[in-house]
Amino acid sequence: MEPINTFKGKAIALPIKDIDTDQIIPARFLKTIDKQGLGANLFTDWRYFEDGSPKPDFLLNQPRAQGAAILVAGDNFGCGSSREHAPWALMGYGFQAVISTSFADIFKGNCYKNGLIPIEVDESLHTELLESAAADEPYEIEVDLPNQLIRLPDGRTATFPIDAFSKKCLTAGIDQLGYLREQAAAIAEYEAGHLDRVSTL
Amino acid sequence: MTQPRTLFEKIWDKHVVAHEPGSPAVLYIDLHLVHEVTSPQAFQGLREKGLKVRRPDHTQATMDHSIPTTDRSLPILDAIAAKQVNQLRTNCHEFGIPLADLGDENQGIVHVIGPEMGLTQPGMTVVCGDSHTSTHGAFGALAFGIGTTEVEHVLATQCLLQNRPKTYEVRFAGALPKGVGSKDLILALIARIGVGGGTGYVLEYTGEAIRALSMEGRMTVCNMSIEGGARAGMIAPDDITFEYLAGRPNAPYGDAWDDAVGRWRRLPSDEGATYDKLISIDAATLEPMITYGTNPGMGIAITQPVPDPASAGANGESIRKALDYMALEAGKPLLGHAVDVVFIGSCTNSRISDLREAAQLMKGRKVSPNVRVLVVPGSEKIKKQAESENLPEIFRAAGAEWREAGCSMCIAMNGDQLAPGQYCVSTSNRNFEGRQGKGGRTFLASPLTAAASALNGVVTDVRTMLG
Ligand code: SF4
């Protein structure tokens, strides 16, 4: 994985609460055995009519969305199914970060594993960002992962939480599996010490 | 004296392999379940890194999501689904993982077959690349869904990196009234706490109403924990649990069984153990529940009117959007609303007790000619059991379709799906937009409510039919 440190991108707003992963990428696209190519179907049922033509009202079909890298979405983003196809689709489209007041647990974990940054902000800033990112003027936000900050165009900053381990892996470009594999001796010792349970199956 | 601990804490503590400061805990996984949709990229990752599966003996695969529920002797017509199914076969063969393939006596929905095969046991950690892994918590296991990258982690190391979640006691005092079941109980909880109410928590269901539930009923409850945002939900094991497990193919036997039961009896939360959060609900006040909206938290008692967005405060906009999609009017009850399809199935409600309940109501009656009714057993075993009790005859005589085991119209990946605009009373767990087919509209409810609505062709309060 490429290390992620600081990046700047255009933010757009999707002010809907509880967006579930079935909306992000519907199940009929999960028959793939790859991670690639899902961006084309991101939010597909909100984005396209039955005949495949774009719905002009939907955010991603508006000129403002061109080149957007940050999605500001409503509370509890990514709830429902555990499908990792959701971050794959968001990243395939070109998003590098999602801003909300809260994220569903499994979705958040999946984001960290893939380098999509979930950014939690408080309600008042969230309301402000939803508005600014919906304005006609392009609205650019800088994400500073090492310092856990977002920087707004007017220079103001806000911090966001991320666990130290995920941050370390993302900023150094380390695959978490590498860390787990280094624990091989401890795992073997654990298995030997819990034979009664480990051998039940 | 050691500190009193909860069920969750006992299982967590026992499974921590290592925990370095500044890093998440390395948690040992006892049982890893695998299905065709969320695993291909994980196996590909192993291949690229030249890794093996560490414990194939703690891993079980099956096919459930993208497979047809029609005649199994026919080839899969959807070429992309066929490729995915074949990929799982290849992966299981290459990495030495047992697979309950199509036609195998153990094939079925992953969360149905784990318990059925006796793989899911109290005190275990259970994971699967599937959010409804919470189902297995009904056995007093710590069970939760993971993403595909984590599937690869578990395949390679049998461990996961996890931050410790908080605990949430959900207490159901009192006894459930007639016609009100485990599905109503969990829908009532989610309506109360919302789809994000359990985020960051592991739920433990306690109280008299939970103790009185069968294992099937407990699985229905734990299954939908994720719909309240909680990755895991659990219920302390008791004699009902042990009775269910005894004699199952993978359960311990002989002296090992006695030892295991001895250990399992020490799992329930200690007297005086505390939780980070608590909610208490009187089960005796519950009614049959139904959802009107586009997430499982948008549920009401079946006699209630659909809420008015104008008086719903902060949720108003979400409800307005949902009612628009559902083409429903605020302030009107759902009772009497026409239904096009009824789906009885899914990892929430496709077990033998669910099918028996539906069959009992449908016996000697006909479903409404306007309604297509699908009954889809959760597994091959359930299908066989139902056949031995002549349930398929009852369903067919009533005018319902009896299908092969799988996820089917719960997720609509296999062609079993709603047409745009259709209304469906479904015993599954998600009413998200398009979940049961693009443009389809889902009312989530219990098997009894589904069967009653199938017979009348409209949303029905089953209590009016129970005599
Ligand atoms: S029945 Fe539905 S919810 Fe359950 S595992 Fe299958 S698709 Fe997922």
Side-chain angles (χ1 to χ4, degrees), chain A residues 15-18 20-23 26-28 30-35 44-46 50 74-76 79-88 102-107 109-110 112-114 163-166 168 175-177 179-181 183-184 186-187 189-191 194 196-201, chain B residues 17-18 22-24 26 28 30-31 37-38 40-41 44 49 57-58 65-66 78 80-81 83-84 87 119 121 123-124 129-131 145-150 152-153 156-159 161 163 195-196 199-200 229 231 250 252 259-260 295 317-318 321 411-413 420 430 432-435 438:
Chain A
I16 299 170
K17 276 185 171 188
D18 302 316
D20 59 82
T21 54
D22 272 88
Q23 306 316 312
R28 60 184 186 279
L30 308 190
K31 292 176 212 163
T32 174
I33 56 173
D34 298 314
K35 299 181 183 180
T44 200
D45 289 344
W46 289 351
E50 197 71 27
D75 308 340
N76 192 34
C79 63
S81 157
S82 61
R83 61 191 68 168
E84 200 159 317
H85 309 68
W88 296 338
S102 56
F103 295 90
D105 286 334
I106 304 179
F107 176 79
N110 286 341
Y112 290 144
K113 308 273 186 320
N114 289 281
D163 70 279
F165 182 78
S166 297
K168 188 171 90 185
D175 180 356
Q176 299 194 8
L177 180 54
Y179 178 86
L180 270 174
R181 288 178 63 201
Q183 309 287 325
I187 298 169
E189 194 184 327
Y190 177 89
E191 282 176 333
H194 286 87
D196 59 337
R197 206 200 60 252
V198 172
S199 63
T200 303
L201 292 179
Chain B
V17 171
S23 298
V26 177
Y28 195 80
D30 296 320
L31 175 64
V37 174
T38 55
Q41 297 87 350
Q44 189 51 31
K49 298 180 185 83
D57 56 332
H58 287 235
H65 282 66
S66 50
D78 178 340
I80 310 173
K83 187 171 168 200
Q84 189 174 60
Q87 189 62 47
L119 290 167
Q121 297 168 18
M124 276 187 169
D130 194 288
S131 62
I146 57 178
T148 297
T149 301
E150 290 176 309
E152 186 183 334
H153 291 179
T157 68
Q158 203 58 30
C159 289
L161 289 164
N163 292 308
V195 287
T199 303
R231 284 181 82 175
N250 292 281
D259 285 353
N295 75 45
E317 195 40 47
S318 301
K321 189 171 172 294
I411 189 161
M413 282 184 76
R430 286 187 173 143
F432 297 144
E433 289 181 28
R435 171 77 178 189
K438 194 171 172 171

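The structure displayed is predicted, hence computed values, not measured ones. Chain identifiers are assigned alphabetically (A, B, ...) following the order of the sequence lines, protein sequences preceding nucleic acid strands; residue numbering begins at 1 within each chain.
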- Task: May I ask you to decide if B:E433's main-chain N or O and A:D22's side chain share a donor-acceptor pair within less than 3.5 Å?
- Result: no
- Item | Pick from B:D259, B:D130, B:T38 with the largest number of heavy-atom pairs that fall under 4.5 Å of chain A | B:D130
- Item | Distance-minimising heavy-atom pair for B:G145 and A:I106 | O-CD1, 3.6 Å
- Message: If we define contacts as heavy-atom pairs under 4.5 Å, which of A:D34, A:I33, A:D163 has the most with chain B?
- Response: A:I33
- Message: Salt bridge or not between A:K113 and A:E84? Use side-chain N to carboxylate O under 4.0 Å.
- Response: no
- Item | Interface moiety of A:E189 toward chain B, non-hydrogen atoms closer than 4.5 Å | neither
- Message: Heavy-atom pairs under 4.5 Å with chain B: which of A:R28, A:K168, A:R83, A:K17 has the most?
- Response: A:K17
- Message: Are B:V26 and A:Y179 packed together at the side-chain level, in the sense that at least one heavy-atom pair is separated by less than 4.5 angstrom?
- Response: yes
- Query: Around atom NZ of B:K438, are there more than 12 heavy atoms of other residues, nucleotides or ligands at under 6.0 Å?
  - Reply: yes
- Task: Please answer whether the main-chain N or O of B:M413 pairs with a side-chain N or O of A:K31 as donor and acceptor at a distance below 3.5 Å.
- Result: yes
- Query: Of the backbone (N, CA, C, O) and the side chain (C-beta and beyond), which part of B:S318 lies under 4.5 Å from a heavy atom of chain A, both, or neither?
  - Reply: side chain
- Message: Counting only heavy atoms not in B:K83 (residues, nucleotides, ligands), do more than 12 fall under 6.0 Å from its NZ?
- Response: no
- Query: With only heavy atoms counted, which part of A:F107 is less than 4.5 Å from chain B, the side chain, the backbone, both or neither?
  - Reply: neither
- Task: Can you tell which part of A:D75 gets under 4.5 Å to a heavy atom of chain B, answering side chain, backbone, both or neither?
- Result: neither
- Note on the structure: Note: vs chain B, highest number of non-hydrogen pairs under 4.5 angstrom among A:N114, A:L30, A:D18 is A:L30
- Among B:A81, B:S66, B:C159, who wins on heavy-atom pairs under 4.5 Å with chain A? B:C159
- Taking atom OG of B:S23 and atom CG of A:L180, what is their separation to the nearest 0.5 Å? 10.0 Å
- Output yes when a side-chain donor or acceptor of B:E150 lies under 3.5 Å from a complementary backbone atom of B:G147, and no otherwise. yes
- Note on the structure: Okay, A:S81 and chain B: the region with an atom under 4.5 Å from a heavy atom over there is both
- Message: Less than 4.5 Å to any heavy atom of chain B: does that hold for the side chain of A:Q176, its backbone, both, or neither?
- Response: both
- Top contributor to chain A contacts, counting heavy-atom pairs under 4.5 Å, from B:A156, B:G129, B:A260, B:G200: B:G200
- Query: Pick from B:L161, B:N295, B:I146: which one has the most heavy-atom pairs with chain A under 4.5 Å?
  - Reply: B:L161
- Query: Which pair of non-hydrogen atoms, one from B:I411 and one from A:A27, has the smallest distance, and what is that distance?
  - Reply: CG1-CB, 3.4 Å
- Item | Side chain, backbone, both or neither of B:D78 within contact of chain A (heavy atoms, under 4.5 Å) | side chain
- Task: Using non-hydrogen atoms and a 4.5 Å limit, figure out which bit of A:N76 sits close to chain B: side chain, backbone, both or neither.
- Result: side chain
